[in-house]
Amino acid sequence: MEPIGILKKYQNHFKELKIEENQIISLQEGNTPLIEAKHLDGVLKDVSVYFKVEGMNPTGSFKDRGMTAAVTMAVKEGSKAIICASTGNTSASAAAYAARAGLKCIVLIPEGKIAMGKLAQAIIYGAKVIQIKGNFDDALNMVRECAEPLKLTIVNSINPYRLQGQKTGAFEIVDVLGKAPDYQFMPVGNAGNISAYYMGYEEYFNEKKIEALPKMMGVQAAGAAPIVENRIIEEPETVATAIRIGNPASWKKAVHAANVTGGSIFKVTDEEILKAQKLLASSEGIFAEPASAASLAGLINYSKEHDLKGKKVVCILTGNGLKDPDIVLNQNLSLQKIPVDIKALEKAIAE
Ligand code: AN7
């Protein structure tokens, strides 16, 4: 099939938006790989695990599925500028799609708490990048306050078109597997994506394309787990900066998605996240950012207490590992250095 973006690929599922083909703002997002795990037998015996590699999207995260819809509709509705608060990936995606559409883009990010790759993206795509001396939740509150008076379109996931676009991840999984998985594990930050996937599976269920919805398993980082702890976290902390969020906008929708499907929302530690990130890269060849590895960390923990034998499980790997090289380099500082000398090389290889 020719490479096309999600709005065209699943146009039947966007009829209500009344988008003409020539109005679509796309960077050919979607169509991301679903890769079956081959080397996780040691930790997940007899479980059939698939990774949905959303880091293969045009700006390296799942946000592009939502952004093609949000920016297409912003242009269609006459908007001249978009704004978002972001832990990084939304800002990168918004900036790219705004550039593609010829819109102005303003992004608010928490000072010092976003991965360098994401910051570089927002800058190079030409967004106006404003750092907030606060966290993501502060930034989102400020966005909500200034958007209307300044006539800016919000492209955070509180923009309903974002979730519409992101629901296509669920379609692709079913289209490839031929049925819904038994479980889906995914990271939860602002809780938009789990709500979007639920919506996607529900649409396929209503169309009788699947017989049951997967159990929706949302994974939060232990230091930023408001839904798990059922309270707003004023100062969320985690190495997985993408999900360093203390008051998720789609909180209720996420809880609903988990409850209705027999899933749950639970937490993993930073240590478990980094361990899963390393395992994924070194045993499967897939480099995902820490927030994404939370899904695998969650699956591993869950499998210790629940029998998943024979089950089909999908982990959503929401963002590309290259976005956040610091997290790897800061843990692995002891690189070897040798002189230009073949004996020294032979010795180093043998060690
Ligand atoms: C890699 O970019 O919130 O639960 O501002 O970048 O839908 O928020 C990013 C979130 C998971 C959580 N994985 O998704 C932002 C932002 C990655 C992410 C999430 C994010 P939601």
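Numbers here are sequence positions counted from 1. In listed order, ligands and their atoms are each counted from 1. None of these values were measured; they are calculated from a predicted model.
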Handout entry: Nitrogen or oxygen of Gly189 less than 3.5 angstrom from that of ligand 1
Key = yes
Problem - Distance-only N or O hit between ligand 1 and Gln166, under 3.5 Å - result: no
Problem - Shortest protein contact, atom 8 (O) of ligand 1 (heavy atom only) - result: Asn190 N, 2.7 Å
Exercise for the section: Flag Thr318 as yes when one of its N or O atoms lies below 3.5 Å from any N or O atom of ligand 1, and as no otherwise. Expected result: yes
Completion exercise
With heavy atoms and a 4.0 Å threshold, my read on which part of Ile245 contacts ligand 1 is side chain
Practice task
Give a yes or no on this: more than 12 heavy atoms of other residues, nucleotides or ligands lie within 6.0 Å of atom CD of Glu271.
Solution key: no
Practice task
Would you check whether Glu289 has a nitrogen or oxygen atom less than 3.5 angstrom from a nitrogen or oxygen atom of ligand 1?
Solution key: no
Exercise for the section: Kindly confirm or rule out an N or O of Asn156 lying under 3.5 angstrom from an N or O of ligand 1. Expected result: no
Handout entry: Note: Glu351-Lys347 ion pair, threshold 4.0 Å (strictly below)
Key = yes
Problem - Gly88 to ligand 1, any heavy atom closer than 4.0 Å - result: yes
Exercise for the section: Just let me know how Met186 lines up against ligand 1, side chain, backbone, both or neither, with a heavy-atom cut-off below 4.0 Å. Expected result: neither
Exercise for the section: Check whether more than 12 heavy atoms from other residues, nucleotides or ligands sit under 6.0 Å from atom CD of Glu207, and answer yes or no. Expected result: yes
Exercise for the section: Check whether any heavy atom of Glu54 sits under 4.0 Å from an atom of ligand 1. Expected result: no
Handout entry: Lys278 NZ: over 12 foreign heavy atoms closer than 6.0 Å
Key = no
Handout entry: Within 45° cone of Tyr204 ring axis and under 6.0 Å: Lys167 NZ or CZ
Key = no
Exercise for the section: Decide whether an N or O pair under 3.5 Å exists between Ser91 and ligand 1. Expected result: no
Practice task
Could you tell me whether Gly192 and ligand 1 have an N or O pair separated by under 3.5 Å?
Solution key: yes
Practice task
Go through Glu172 and Thr32 one step at a time and tell me if the side chain to side chain contact (heavy atoms under 4.5 Å, CB included) criterion holds.
Solution key: CA-CA 8 Å; Glu172 288 183 3; Thr32 57; 3.8 Å; yes
Exercise for the section: Taking atom CD of Glu21 as the centre, report whether more than 12 heavy atoms of other residues, nucleotides or ligands fall under 6.0 Å from it. Expected result: no
Handout entry: CA sep, side-chain torsions, deciding dist, call: Leu317, Ile35, side chain to side chain contact (heavy atoms under 4.5 Å, CB included)
Key = CA-CA 11 Å; Leu317 302 180; Ile35 299 180; over 6 Å; no
Practice task
Please state whether Ser157 comes within less than 4.0 angstrom of ligand 1, counting heavy atoms only.
Solution key: no
Practice task
Could you pull out, from Ala294, Gly60, Ser86, Ala191, the option with a heavy atom nearest to atom 4 (O) of ligand 1?
Solution key: Ala191
Problem - Salt bridge present between Lys113 and Glu237 (N-O < 4.0 angstrom) - result: yes
Exercise for the section: Could you tell me whether Ile243 approaches ligand 1 through its side chain, its backbone, both or neither, with non-hydrogen atoms closer than 4.0 Å? Expected result: side chain
